[in-house]
Enquirer: 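Below are the structure tokens for one structure; questions will follow.
Proteins come first, then strands; the chains are lettered A, B, ... in the order of their sequence lines, and each starts at number 1. Heavy-atom basis, side chains included; hydrogens, waters and symmetry copies ignored.
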Amino acid sequence: MQLEPRRPQTIDELYDRALALAGRSFAELARAAGLAIPDDLRHAKGWVGQLLETHLGATAGSKPLQDFPELGVELKTLPVTPEGEPLETTFVCSAPLTHTTGVDWLSSNVRNKLRCVLWLPIDGRRDIGVAERVVGTAFFWRPSTAQEQQLRADWEEHMDRIALGQVEAITARQGEWLQVRPKAADGNALTDAVGPDGRIIRVRPRGFYLKKRFTRQILQETFTNAC
DNA sequence: AGATGATCATAT
DNA sequence: ATATGATCATCT
């Protein structure tokens with residue numbers, strides 16, 4: 001296979017290219033991309049995501065943009081079990097801990113990131129080597145009205161706590177579908193946040209993550225067909 | 001076993 | 001430190 005470094009020009013082109021990856025092993029994709037295959041993902045957690053980005057022509061780098069800005073599409077890999085169950089939560093974006101006045105759901109990063117997602121289920125089996133794992137069938141998703149309400153309700157609950165200086169009281173157990181968890185390089189990473197008395201405090205950076213039950217719901221509505 | 005809290009790599 | 005890409009590893 002030839003690697004396609006061009007950016008896809010249309011949604012259809014992106015979709016076709018993503019579907020063409022179904023069934024392919026990470027070994028062949030890595031070889032085509034000229035990438036070395038890690039023994040495991042312990043020290044290469046974002047490796048699969050980057051591998052797929054390369055194959056689909058996404059903009060590499062650290063820019064705070066969607067993967068395909070012209071198409072308004074965000075790419076997300078989703079590790080799944082052989083039964084099609086999500087194996088991990090899905091990181092969405094970092095959580096703003098200061099300057100939160102005025103930010104509402106409609107203008108939130110969470111909503112904007114999730115407006116249109118190209119999900120790429122990937123073989124998440126840890127009992128086989130990375131090279132042997134394969135890509136699943138890609139699909140486009142936009143949140144339904146009901147799903148957007150689920151996310152909005154959780155987002156508002158989290159943002160209320162953050163705005164009220166209760167960041168440190170936030171637990172990953174909170175939120176039915178969307179949770180807030182640490183998102184940092186290590187325990188030394190600190191950022192500003194609003195403290196209980198309204199003053200600025202230093203805390204571990206946090207991020208919004210989709211709980212498994214949310215992505216499970218997406219997978220089910222997508223792959224459940226009437227037989 | 002599954003989820004929570006912690007962590008890993010890279011670029012800017 | 002912040003953004004991107006996430007999974008690890010410990011605890012319950």
Side-chain angles (χ1 to χ4, degrees), chain A residues 7 18 21 26 29-30 33-69 73-83 85-99 108-110 112-114 117-130 133 135-136 138 154 158 161 167-193 200-216:
Chain A
R7 301 184 65 70
L21 298 176
F26 294 172
L29 297 185
L35 293 175
I37 303 171
D39 294 331
D40 56 54
L41 300 182
R42 184 152 40 120
H43 298 290
K45 297 181 180 179
W47 188 81
V48 180
Q50 309 241 280
L51 175 67
L52 277 307
E53 280 189 345
T54 299
H55 276 269
L56 295 175
T59 303
S62 58
K63 294 182 290 294
L65 291 170
Q66 287 164 307
D67 295 294
F68 301 96
V73 174
E74 175 72 14
L75 175 69
K76 289 260 171 242
T77 55
L78 180 60
V80 295
T81 64
E83 293 72 39
E85 285 282 305
L87 269 162
E88 296 288 348
T89 56
T90 302
F91 174 71
V92 179
C93 60
S94 59
L97 304 182
T98 57
H99 311 298
S108 71
N109 282 188
V110 172
N112 290 313
K113 280 278 182 183
L114 300 179
V117 178
L118 175 58
W119 291 99
L120 207 34
I122 55 164
D123 187 345
R125 287 178 293 172
R126 295 173 187 167
D127 55 344
I128 62 171
V130 174
R133 300 179 199 175
V135 180
D154 285 346
H158 295 313
R161 281 204 172 85
V167 205
E168 295 179 305
I170 295 179
T171 280
R173 296 170 193 81
Q174 294 159 353
E176 221 181 318
W177 310 95
L178 183 73
Q179 65 185 178
V180 169
R181 304 217 307 277
K183 163 67 174 174
D186 55 55
N188 299 319
L190 294 174
T191 192
D192 286 351
I200 295 299
I201 58 174
R202 302 286 285 171
V203 300
R204 176 78 44 86
R206 311 300 167 97
F208 286 110
Y209 295 79
L210 297 176
K211 288 189 168 183
K212 286 187 193 177
R213 60 180 308 190
F214 191 83
T215 45
R216 180 179 298 125

Enquirer: Is the phosphate of C/dA6 approached by A/T77 (side-chain N or O, under 4.0 Å from OP1 or OP2)?
Expert: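 True: A/T77 side-chain N/O within range (under 4.0 Å) of C/dA6 OP1/OP2.
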Enquirer: Expressed as a whole number of angstroms, how long is the span from A/E53:CD to B/dA9:P?
Expert: 18 Å
Enquirer: In residues 118-126 of chain A, what residues come within less than 4.0 Å of DNA chain B, judged by heavy atoms?
Expert: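 The stretch gives none, as no residue of it lies under 4.0 Å from the strand.
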Enquirer: When you measure from the side chain of A/D67 to the backbone N and O of A/A58, does any donor-acceptor pair fall under 3.5 Å?
Expert: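 Judged by distance alone, no pair lies under 3.5 Å.
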Enquirer: Heavy atoms only, 4.0 Å cut-off, all strands: where does A/S94 land among base, sugar-phosphate and nothing?
Expert: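 Contact class for A/S94: sugar-phosphate only.
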Enquirer: Using whole Å, report how far CZ of A/R213 lies from P of B/dT4.
Expert: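 Rounding to the nearest Å, CZ of A/R213 and P of B/dT4 are 11 Å apart.
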Enquirer: Counting only heavy atoms and a strict 4.0 angstrom limit, can you tell me which residues of residues 41-50 of chain A come near DNA chain B?
Expert: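 Those residues are A/R42, A/H43, A/K45.
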Enquirer: Mind telling me whether A/F208 and A/H158 have parallel, tilted or perpendicular rings, with 30° and 60° as the class edges?
Expert: tilted
Enquirer: With a 4.5 Å heavy-atom cut-off, do A/L178 and A/L210 have their side chains touching?
Expert: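 Yes, close enough: below the 4.5 Å cut-off.
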Enquirer: May I have the distance from A/L210 (atom CG) to C/dG5 (atom P), rounded to whole angstrom?
Expert: 13 Å
Enquirer: Knowing that exactly one of A/V203, A/T98, A/I201 qualifies, which makes a side-chain contact (heavy atoms from CB on, under 4.5 Å) with A/D192?
Expert: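 Among A/V203, A/T98, A/I201, the one that satisfies the side-chain contact (heavy atoms from CB on, under 4.5 Å) with A/D192 is A/T98.
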Enquirer: Would you indicate what A/A189 reaches in the nucleic acid, counting non-hydrogen atoms under 4.0 angstrom: base, sugar-phosphate, or nothing?
Expert: sugar-phosphate
Enquirer: Which part of the nucleic acid, if any, lies within reach of A/R202 when heavy atoms closer than 4.0 Å are counted: base, sugar-phosphate only, or nothing?
Expert: sugar-phosphate
Enquirer: For the pair made of CZ in A/R181 and C1' in B/dA6, what is the distance, rounded to whole Å?
Expert: 9 Å
Enquirer: A/I170 has an atom CD1; how far is it from atom P of B/dA6, in whole Å?
Expert: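 Distance check: A/I170 CD1 to B/dA6 P gives 14 Å.
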Enquirer: Does the pair A/K76/A/E88 count as a salt bridge with the N-to-O cut at 4.0 Å?
Expert: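 Looking at A/E88 together with A/K76, the answer is no, because their closest N to O distance does not fall below 4.0 Å.
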Enquirer: Figure out the NZ/C1' separation between A/K63 and C/dA3, and round it to whole Å.
Expert: 10 Å
Enquirer: Check the phosphate of B/dG5 against A/R173, side-chain N and O only, distance under 4.0 Å to OP1 or OP2. Yes or no?
Expert: yes
Enquirer: Quick check on DNA chain B: between A/A185 and A/E88, whose nearest nucleotide comes earlier from the 5' end?
Expert: A/E88
Enquirer: Looking at A/K211 and A/R173, would you say the former's side chain and the latter's main chain have a donor-acceptor pair under 3.5 Å?
Expert: yes
Enquirer: For A/L87, which contact category applies under a 4.0 Å heavy-atom criterion: base, sugar-phosphate, or nothing?
Expert: nothing
Enquirer: Compare all side-chain heavy atoms of A/L52 with those of A/L29 and state whether any distance is below 4.5 angstrom.
Expert: yes
Enquirer: Answer yes or no: is there a side-chain heavy-atom contact under 4.5 Å between A/F214 and A/T89?
Expert: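 Side chain of A/F214 against side chain of A/T89, heavy atoms only: no contact under 4.5 Å found.
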Enquirer: Salt-bridged, A/E176 to A/R213, with N to O below 4.0 Å?
Expert: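 Looking at A/E176 and A/R213, the cut-off is met.
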Enquirer: Kindly say whether A/W47 contributes a backbone atom to a donor-acceptor pair with the side chain of A/Q50 at under 3.5 angstrom?
Expert: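 No; zero donor-acceptor contacts below 3.5 Å.
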Enquirer: Quick check: on DNA chain B, is the nucleotide nearest A/A184 upstream (toward 5') of the one nearest A/K211, or the reverse? Name the residue that is more 5'.
Expert: A/K211
Enquirer: Which of the following nucleotides, B/dA6, B/dG5, C/dA3, is nearest to the side chain of A/R204?
Expert: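 Of all the options, the side chain of A/R204 is nearest to B/dA6.
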Enquirer: Just how far, in rounded Å, is P of B/dA1 from CD of A/E83?
Expert: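 One finds 14 Å between P of B/dA1 and CD of A/E83, rounded.
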Enquirer: So for A/Y209 and B/dA3, does any side-chain atom that can act as donor or acceptor lie under 3.5 Å from a complementary atom in the base?
Expert: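 No, the side chain and the base share no sub-3.5 Å donor-acceptor pair.
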Enquirer: Specify the separation, in whole Å, of atom CG of A/L51 and atom C1' of B/dA9.
Expert: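 Result: 15 Å.
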Enquirer: Does a nitrogen or oxygen in the side chain of A/K183 sit under 4.0 Å from OP1 or OP2 of C/dC8?
Expert: no
Enquirer: Scan A/Q174 against the nucleic acid and name what it touches under 4.0 Å (heavy atoms): base, sugar-phosphate only, or nothing.
Expert: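 If one applies the 4.0 Å heavy-atom cut-off, A/Q174 turns out to touch nothing in the nucleic acid.
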Enquirer: With a sphere of 6.0 Å drawn around CG of A/D39, does it hold more than 12 non-hydrogen atoms of other residues, nucleotides or ligands?
Expert: no
Enquirer: So, does A/T191 get its side chain near the phosphate of C/dT2, meaning an N or O under 4.0 Å from OP1 or OP2?
Expert: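 Yes, such a contact exists.
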Enquirer: Counting side-chain heavy atoms from C-beta on, which of C/dG5, C/dT2, B/dT4 comes nearest to A/P205?
Expert: C/dT2
Enquirer: If you find the nucleotide of DNA chain C closest to A/P64 and the one closest to A/R133, which residue's nucleotide is nearer the 5' end?
Expert: A/P64
